[in-house]
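Structure record follows, encoded as structure tokens.
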2 protein chains.
Amino acid sequence: MENCRAAYRLLNRSSRNLLDRRTNSKFFNSVRSSNSGVTYNFTQTSELFKDDVPYHKEIVSTRICSRGYDNGILASLPRNQGNGFRIHFRNLASTASTPARNHSFCMINSDDISYFKKILGEKGVVQEEEKLDDANTDWMRKYKGSSKLMLQPKSTQEVSQILEYCNSRCLAVVPQGGNTGLVGGSVPVFDEVIINVSSMNNILSFDKVSGILVCEAGCILENLISFLDNEGFIMPLDLGAKGSCQIGGNVSTNAGGLRLIRYGSLHGSVLGLEAVLANGTVLDMLGTLRKDNTGYDLKHLFIGSEGSLGVVTKVSILTPPKLSSVNLAFLACEDYNGCQKLLLEAKRKLGEILSAFEFLDISAMDLVLKHLDGLRDPLPSSKHNFYILIETTGSTESHDKEKLEAFLLQSIESGLLTDGVLAQDINQASAFWRIREGVPEALMKAGAVYKYDLSLPPEKMYDLVLEMRGRLGSVANVVAYGHLGDGNLHLNISTPQ
Amino acid sequence: MENCRAAYRLLNRSSRNLLDRRTNSKFFNSVRSSNSGVTYNFTQTSELFKDDVPYHKEIVSTRICSRGYDNGILASLPRNQGNGFRIHFRNLASTASTPARNHSFCMINSDDISYFKKILGEKGVVQEEEKLDDANTDWMRKYKGSSKLMLQPKSTQEVSQILEYCNSRCLAVVPQGGNTGLVGGSVPVFDEVIINVSSMNNILSFDKVSGILVCEAGCILENLISFLDNEGFIMPLDLGAKGSCQIGGNVSTNAGGLRLIRYGSLHGSVLGLEAVLANGTVLDMLGTLRKDNTGYDLKHLFIGSEGSLGVVTKVSILTPPKLSSVNLAFLACEDYNGCQKLLLEAKRKLGEILSAFEFLDISAMDLVLKHLDGLRDPLPSSKHNFYILIETTGSTESHDKEKLEAFLLQSIESGLLTDGVLAQDINQASAFWRIREGVPEALMKAGAVYKYDLSLPPEKMYDLVLEMRGRLGSVANVVAYGHLGDGNLHLNISTPQ
């Protein structure tokens, strides 16, 4: 019964605020998922897009981020603060408030350090400034905290002890995984204690019959991919940051990535989780069953909750068998409407083997070719407005090639495609992927960039880009790319400074 | 912040009870999902399986059902009852308590009837005994309630008005969809008001580009399948009860069904929900985006919560494109180990086209052939211990046939398969499916049956069946079938009386 009542409370209390926010276009604020838990809370509003933005409130959704721990978060929520929280948020416009440190949080003292050394050992307690520098800085090098302490627990028990202690001492914390986030969500704002789970990087079990992998939160995605590759399986998740991002952060941010079109979101793939709440309570939801309908499925609250409900410490995930045949095509379309039609055709004609459908516009392509070394245009004969990457993954090389070639031929004949090339080997395939995955890096090299990560119905997705270009004129370069197959647009406003 | 706190409360309060229950073998009680919301609450214990049952606590999971509204549920939770709830539960053993009506709930009076007629009209208020008979009886005809009133709202607004009123009057309710559940979860225990959503059966929208369907909760699954078929799409969910079960019930019970192996669970497919809470509050979580990471994803709490958190009124679901080639093979294996190896091989060799992997044991096959008219053994040359149904779904007939035939040939050569036949046309395919889907009906005709719906690691799944056979000896017939590909066993104990 207590479960039922607690759930009621959650639903009743959160229904108004949270759900309104979910569907309210006012709330598209800062943007791209971080790949580790973050310190933020929800923003109140963003003034950038006013009411006259021509998007229906139900069609726009994006990750909402703000920073500053005035709102109180995760561990060390100042108790009995009532409703008097000040709301701070990051905002692209100059109207953004500057967050101020909330003095309800305590400062770290030497007793704290001694305690942490006692439970983690000397090695698990990092205080040297140069070692803290990376952890204090986000991937985009836009945000910098001034944490004096990074803790590196090696077990769930240690995470629990840390959080229990920080909670009792009212010390602010920020959980951190690979720190690959593009919005600075995983870096401290002020002097939070960084809880870095990188040392929790063991693979705990893998069942070859069911394909179920159980591992610790600090496992780097690429290491999991390599491990599974040897076992004849793949991760259902792949993204550009795979070399550094960690699975705990992927789950905490509900990372989508390149394979969502084929394998769905982490809500479908993650079978179980272990997480530690702010007060140190360990929640064991680490099921390894394909179906588990017993009780409310609380793990889903943690998927995408960005570290705000707890630190994910272990993950159980369903992995698909590796299929032997992978093909990649780099294609060009003249208009966005053509891209959409191509998607629909690809779903039908390539059906079960379609594993990625990515797009970048001419601005993104130009940036990549200009700023990244060693890359060249796969379709150099002329410029195109849109570029599409189609990947297929199947079990029989000859079947897949036949399907893909027939699809491409038909698409060129019908005028949907203006040009295209099939990767002839793994090097060429890597080069094609490097173009798509290199856009964030190229943007960073091009100067200042404001990043948005938007979910939109595919048919309306590019309207927003055109609208932004119209509004900004020559002030900034509007660059768009992303997961067309999933309705996920990466919108970037790039300026030289 | 309130969201965050409420979520904390939910997690803290529920962690002990709910999560222990999730992984505690003591809690496998009554059994199969109903396909509509139910009145039950969690059981305390079942004495049937004592501590000496040789299954590790983490490997057994099953749906937990009990009935009787002493526990207070959905609408009309008796307020201020403190912790003094008596716990009643349904139990296979004779030690089960008999639930007693909780007198905190009020009886329906003529004012109530007048009120309901005012909001629903005469047609929406059903009081005739013969019309109530079906709604008072479960599909297995094992449980019978004595509700005097069934309400048939035609809109979310009406559901909200009903629940708000029932809550204020302390009237118990039971939400009902297709009433196809096999554990009686959707029938009243006593005199609850039945809220039947069958009249809410409109398809609200379908987007052919994204494949996203939005419909009301009372849509019959088979009607949705037919509708989508015309549009060139399929439901990601299919199950034997499709002719009667409704999508709201499917979602509320997190129905798995025959396609889970290919398209995953409803946690992956359901993009949005609308639900009405006990006090009449309407939660609009009806997103139609493939990715929506804004805020906590509360809809997942409703998926599989069996009506205990609210009445699902609308559903938004991602549907895959229909692929043109479907093939079905009916196969025989001599031992359970062989069935598992076959599954592993099928995942590798059939890869992307495998869409079902079902099994039934010889007891199930015997029952079907004995009790269902017009069915004959597809492999009549000899008896086999296990029968497997493999379905493939792909985009190119010739490719799929080639893959399937190569797989079957290899499996026979390697001795994994002892016999097998490919369906030559749609009639034969239907006859094969009828065998698998007809097991529940055959069991009912065979006499009394105790039904369990268990999730187990596939490699240990059949041990339980053998264990039960050993324990029960000649007292009862132990019949097993289910979704081998998903580790989902339908265990049935059948006795003539």
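Numbered from 1 within each chain, the chains take letters A, B, ... in sequence-line order.
With a 4.5 Å cut-off on side-chain heavy atoms, Arg290(B) and His483(A) do not count as touching. Two residues are said to be in side-chain contact when any heavy atoms from C-beta on lie closer than 4.5 Å; Glu352(A) and Ser395(B) meet this criterion.
Residue Leu260(A) touches chain B through both its backbone and its side chain, counting heavy-atom pairs closer than 4.5 Å. Only the backbone of Lys322(A) comes within less than 4.5 Å of a heavy atom of chain B; no side-chain atom from C-beta onward does. Proximity to chain A (any heavy atom under 4.5 Å) is shown, for Asp486(B), by both the backbone and the side chain.
Taking Lys208(A), Lys341(A), Glu402(A), Arg262(A) one by one and counting their heavy-atom pairs under 4.5 Å with chain B, the maximum is reached by Glu402(A). Between chain B and the options Lys347(A), Gln340(A), Lys403(A), the largest number of non-hydrogen pairs under 4.5 Å is found for Lys403(A). Between chain A and the residues Pro321(B), Pro320(B), Gly485(B), the most heavy-atom pairs under 4.5 angstrom are made by Pro321(B). For the set Leu350(A), Leu266(A), Val209(A), Asp207(A), the entry with the most heavy-atom pairs within less than 4.5 Å of chain B is Val209(A).
In this structure His300(A) satisfies the ring-ring contact (aromatic ring centres under 6.0 Å, His included) test together with His267(A), His267(B), His300(B), sequence neighbours excluded. Residues satisfying the salt bridge (Lys or Arg N to Asp or Glu O under 4.0 Å) test with Lys349(A), not counting sequence neighbours, are Glu345(A).
Here the CD1 atom belonging to Ile353(B) is positioned 11.5 Å from the CD1 atom belonging to Ile353(A), to the nearest 0.5 angstrom. Note that the CG atom of Asn293(B) and the CG atom of Asn488(A) stand 8.5 Å from one another [nearest 0.5 Å].
Considering every non-hydrogen atom in both Tyr296(A) and Leu309(B), the closest pair reads OH-CD2, 3.5 Å. In terms of heavy-atom proximity, Asp292(A) sits nearest to Ser455(B) at N-OG, 4.5 Å.
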